[in-house]
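Atom set for the values below is all heavy atoms of this structure, side chains included, hydrogens, waters and symmetry mates excluded. If you're wondering where the values come from, they're calculated on a predicted model, not measured in any experiment.
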Amino acid sequence: MQVAQVIVDVPTRQTNSPFSYAIPDNLADQIQPGMRVQVPFGNRKITGFVVGISDKSSFEGKLKPISDLIDLYPVINPELLDLAAWMADQTYSFKISCLQTMLPGGMRTKNKKKLIATSQQICDQYPAIFHGQRVVDYDRQNFDNQSLSTILKLQKNGDISVEYDLTNHSKPIMLKAYQGNLDDQQIADALKTVRKNAVGQIKLLNLLKSHSKDAFLVSKWESMGVTSSTLKGAEKKGWVTATLKRHVRNPFLRPVKPSQPFKLHPDQQKAVESVNHAISSKKDQVFLLEGVTGSGKTEVYLQSIAHALEMGRTALMLVPEITLTPQIVGRIRSRFGNQVAMLHSAMSNGERYDEWQRINRGKAKVVVGVRSAVFAPLKNIGLIIMDEEHDSSYKQADNPRYQTRDVAKWRAAYNHCPVVLGSATPSLESRARAMKGVYTLLSLPHRINRHALPHVSIVDMKTEMAKHQSALSTQLADAIQDRLDKHEQIILLLNRRGYSAFLMCRDCGYVPRCPNCDISLTMHKDTHTLNCHYCGHKEPIPTMCPKCHSKRIRFYGMGSQQLEEQVKNMFPTARVLRMDVDTTRKKGSHEAIIDKFGAHKADILLGTQMIAKGLDFPEVTLVGVLNADSALQFPDFRSSERTFELLTQVSGRSGRADKTGEVIIQTFNPDHYAIRLAQTQDYEKFYATEMRVRHEGKYPPYYYTVKLTGNSPSENQTASEMFGIMNFLKKNLSPKAIILGPTPKTITRINNRYYYQIIIKYRKEPTLKATLDDVLVQSQKNQRQGIQIAIDNEPLDFM
DNA sequence: AGCACGCCGACT
DNA sequence: GTCGGCGTGCTC
């Protein structure tokens, strides 16, 4: 008899190893590892992943048979099955969560349950449950306790059955299209009847003359100046007919012109040769490609990808979250055409599913994507590229907390192919490894276009603020006016981390705080509310101080909305665009803003971090950084690195065109090394300085780190549990391990749960893995008391 | 996760 | 005496 090893979709420690199931005869020749199945588990049916097939099982008891097969082909290939097991171990997470993360969002089954009445009679008998329908969604929250016990009873009697809805695959998108109905004579007649000021209708009728046969999508009509409401009206009048068109998903919105490989300069040539040699000789070598903006890293990537393809292999290129702008994808696609698949977060589930299918079927040979694309089901990978390898979006913030770089290296080892880590400001970890010879350092020290670096100046805001209360220093304001006069473009960057507008009473100092979290509420002028960024709590903006009843309650701090207002006030004629989380929430709005600014339809682009990355506007000759040091205020060992990265990156932005650029950095810490060295773009000196700081503080890359976070509704309970863990760690680790804490987290209370953390710093702890696994097993037992423990291996911050 | 099993308080 | 609370352990 054939036995399948199944990882069931129950994320707990006890179910973290495979369960054996008998393979029924009718599925015997179909079932393969990597397929999903439905299995009986206890007295219910759940989904699971087949991870292996064998002749017998180590399980003593009687095996239950697999009930159903969900997939017709493996959705996780053998390589990714191995990877999932390794990753679960590495990140202290459940195998099932790892398997689930590897699938594109639209394919994840959510175990959605349906209640089905076995007879109409039952259905009519219990209107509170069925509301007259034979099949209802079964959501526990939808039923009160009484209904719940009735359901239980009915289920025992066999009067209702519970089934799982597994149809989560995305449906085709149908879009509305309109087609004209009128002949030329009718159009002429209609034109006589409409009012003269009905511009939209007149336009539509005129268009119908030349497009009598075409069924255009609403978006197409809109691009020709006819609104959807005009079309609806026209439909009523019988001028046009609406039809549904199946939308063929195509994430590449615009066509690209094919491009040819550029001639390489010697440094690039050398880099390409080294990488290509590793590809040809199937060596899983890791390269660190260091090069400032404009030094031609992308061309190195492209020619190496081309080489991998020539060798009959595939290539994976990873880019940071917000960089994946059409500009970059366009360049890849112009070289490799429709062999390129793209995977990123702004795409819909359906689009991602389609692209994933193309990769899985072997239709796409080059994958460009963000973090999760590292799990793309490519076979025979010949090259993995990680652009901007230092970027923090490569580390997943929640379970499984994997670091893309490590996954990439694992896949490279599996596929016998090189990894290229590219950056102008490599993470200290990577650079240190390159210095030790673990990675091969390749550098592109020259800017190709030979333009002078922009002139970078630093403005001390301490003296500036003494003079006037404005977010813009005199120097920056003057420079802005100068560029506006010359019709050149300006980027203003607000380093907003933890820097947003809050309300404060000028008389008693009262600041409204979130009732559920230990944090002050943030002003949102668009919705006229005070919001909590952690739990989503909202309340109206008070006009009077609730404490002292003073009316002088005003907002402080600088959010991008406030900055926008201020800039508009100072430069009333300037066209200002704002780009931040609020203005880019809608799909495609990110692109729309970039396009608009790129077409010089605005003079000033103002926004947070996201405008610092990957954008390239030739007309921009001034970049202003409003608060360079707000990241420096954070109690975090990486804050200098972050600040340096950000400032170096924006400085590279300006001055690429024939006009020399200027960068103005406003700061309260003008003498901080991260700011000074960013001014001169001196990565080497920064690396040396920062390494010394890290060495002294026993931080990465000198030490490995693990962060343990615990939370529960009671502060006492959280603290005592964490103290228990700390003692357990002390007992099981060597005296050389540094255990910090437990300490309350910077924001101790979120959503009425109290958070404490322990940091472990170590160099060599052979027992660490086992000890932490023990901690998790113990904590699973305590979870019923409401304590949750999370382990973050190599956290990005200690906050 | 979800459910059964099992051991202690307030009720027909 | 029983019904039902939720603490504990198991699910191939």
Side-chain angles (χ1 to χ4, degrees), chain A residues 1-25 27-28 31 33 35-70 85 88 93-101 108-116 137-166 168 398-400 712-714 717 721 774 776-790:
Chain A
M1 189 194 49
Q2 292 267 287
V3 177
Q5 259 57 253
V6 177
I7 296 286
V8 292
D9 193 359
V10 179
T12 62
R13 280 280 130 187
Q14 300 98 59
T15 53
N16 199 29
S17 39
F19 281 61
S20 303
Y21 284 90
I23 301 177
D25 291 342
L27 296 177
I31 242 165
M35 288 180 173
R36 288 170 300 173
V37 286
Q38 204 177 128
V39 291
F41 192 72
N43 48 8
R44 62 214 168 104
K45 270 183 189 159
I46 55 170
T47 61
F49 287 77
V50 176
V51 293
I53 290 171
S54 52
D55 294 337
K56 53 180 193 300
S57 140
S58 52
F59 182 67
E60 308 277 302
K62 195 176 174 330
L63 297 187
K64 291 182 179 177
I66 287 173
S67 346
D68 217 341
L69 193 54
I70 297 173
S93 49
F94 305 120
K95 294 192 176 81
I96 189 66
S97 331
C98 296
L99 289 164
Q100 220 82 75
T101 5
R108 284 170 212 164
T109 54
K110 275 179 266 156
N111 279 342
K112 221 177 171 209
K113 292 204 287 187
K114 289 192 179 304
L115 282 185
I116 300 160
D137 280 346
Y138 178 66
D139 234 330
R140 283 191 96 82
Q141 286 91 348
N142 289 350
F143 301 104
D144 55 28
N145 278 348
Q146 208 199 328
S147 304
L148 224 52
S149 62
T150 319
I151 290 171
L152 233 58
K153 226 178 281 166
L154 289 170
Q155 207 190 342
K156 269 186 190 156
N157 293 344
D159 290 332
I160 56 172
S161 66
V162 180
E163 278 184 20
Y164 292 82
D165 183 11
L166 300 174
N168 259 318
D398 40 59
N399 265 317
S712 86
S714 142
Q717 199 185 11
E721 179 73 13
D774 270 4
L776 282 181
V777 172
Q778 292 304 120
S779 79
Q780 179 90 26
K781 286 183 185 146
N782 296 332
Q783 210 164 34
R784 290 232 165 69
Q785 278 117 57
I787 296 171
Q788 292 166 0
I789 302 289

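- Looking at the side chain of A:Arg44, the nearest of the listed nucleotides B:dA1, B:dA4, C:dC12 is B:dA1.
- Heavy atoms of A:Gln5 sit nowhere under 4.0 angstrom from any nucleic acid atom.
- From A:Thr101, atom OG1 reaches atom CD1 of A:Ile96 across 9.5 Å, with rounding to the nearest 0.5 Å.
- Between B:dA4 and A:Asn43, a contact under 4.0 Å exists linking OP1 or OP2 to a side-chain N or O.
- The nearest whole Å value for the distance from the CZ atom in A:Arg13 to the P atom in C:dG9 is 18 Å.
- In the set B:dA4, B:dA1, C:dC12, the nucleotide with an atom closest to the side chain of A:Lys64 is C:dC12.
- Residue-level contact check: A:Thr12 touches the bases, meaning some heavy atom is under 4.0 Å from a base atom.
- Rounded to an integer number of Å, the gap from CD1 of A:Ile7 to P of B:dA1 is 17 Å.
- Rounded to an integer number of Å, the gap from A:Ile96 CD1 to C:dC12 P is 16 Å.
- A:Val6 pairs with exactly one of A:Val8, A:Asp9, A:Val3 by the side-chain contact (heavy atoms from CB on, under 4.5 Å) rule, that one being A:Val8.
- Atom CD1 in A:Ile31 sits 5.0 Å away from atom CD1 in A:Ile23 (nearest 0.5 Å).
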Practice item. Could you check A:Gln2 against A:Ile53 for side-chain contact (heavy atoms from CB on, under 4.5 Å), going step by step and ending with a plain yes or no? Key: CA-CA 7 Å; A:Gln2 292 267 287; A:Ile53 290 171; 3.4 Å; yes
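- The residue A:Tyr21 sits close only to the backbone: its heavy atoms come under 4.0 Å of sugar-phosphate atoms, none of a base.
- Atom CZ of residue A:Phe94 and atom CD of residue A:Gln100 lie 13.5 Å apart, to the nearest 0.5 angstrom.
- In this structure, the NZ atom of A:Lys56 is 22 Å from the P atom of C:dC12, given to the nearest Å.
- In this entry the distance linking NZ of A:Lys45 with P of B:dG2 reads 17 Å, nearest Å.
- Per the stacking criterion (ring centres < 5.5 Å, plane angle < 30°), A:Phe19 does not stack onto the base of C:dC12.
- Distance, A:Phe41 CZ to B:dC3 C1': 11 Å, rounded to whole Å.
- For the pair A:Gln14 CD and C:dC12 P, the interatomic distance rounds to 14 Å; values are reported in whole Å.
- Backbone-only contact: A:Pro40 has heavy atoms under 4.0 Å from sugar-phosphate atoms and none from a base.
- The distance between atom CE of A:Met1 and atom C1' of C:dC12, rounded to the nearest whole Å, is 11 Å.
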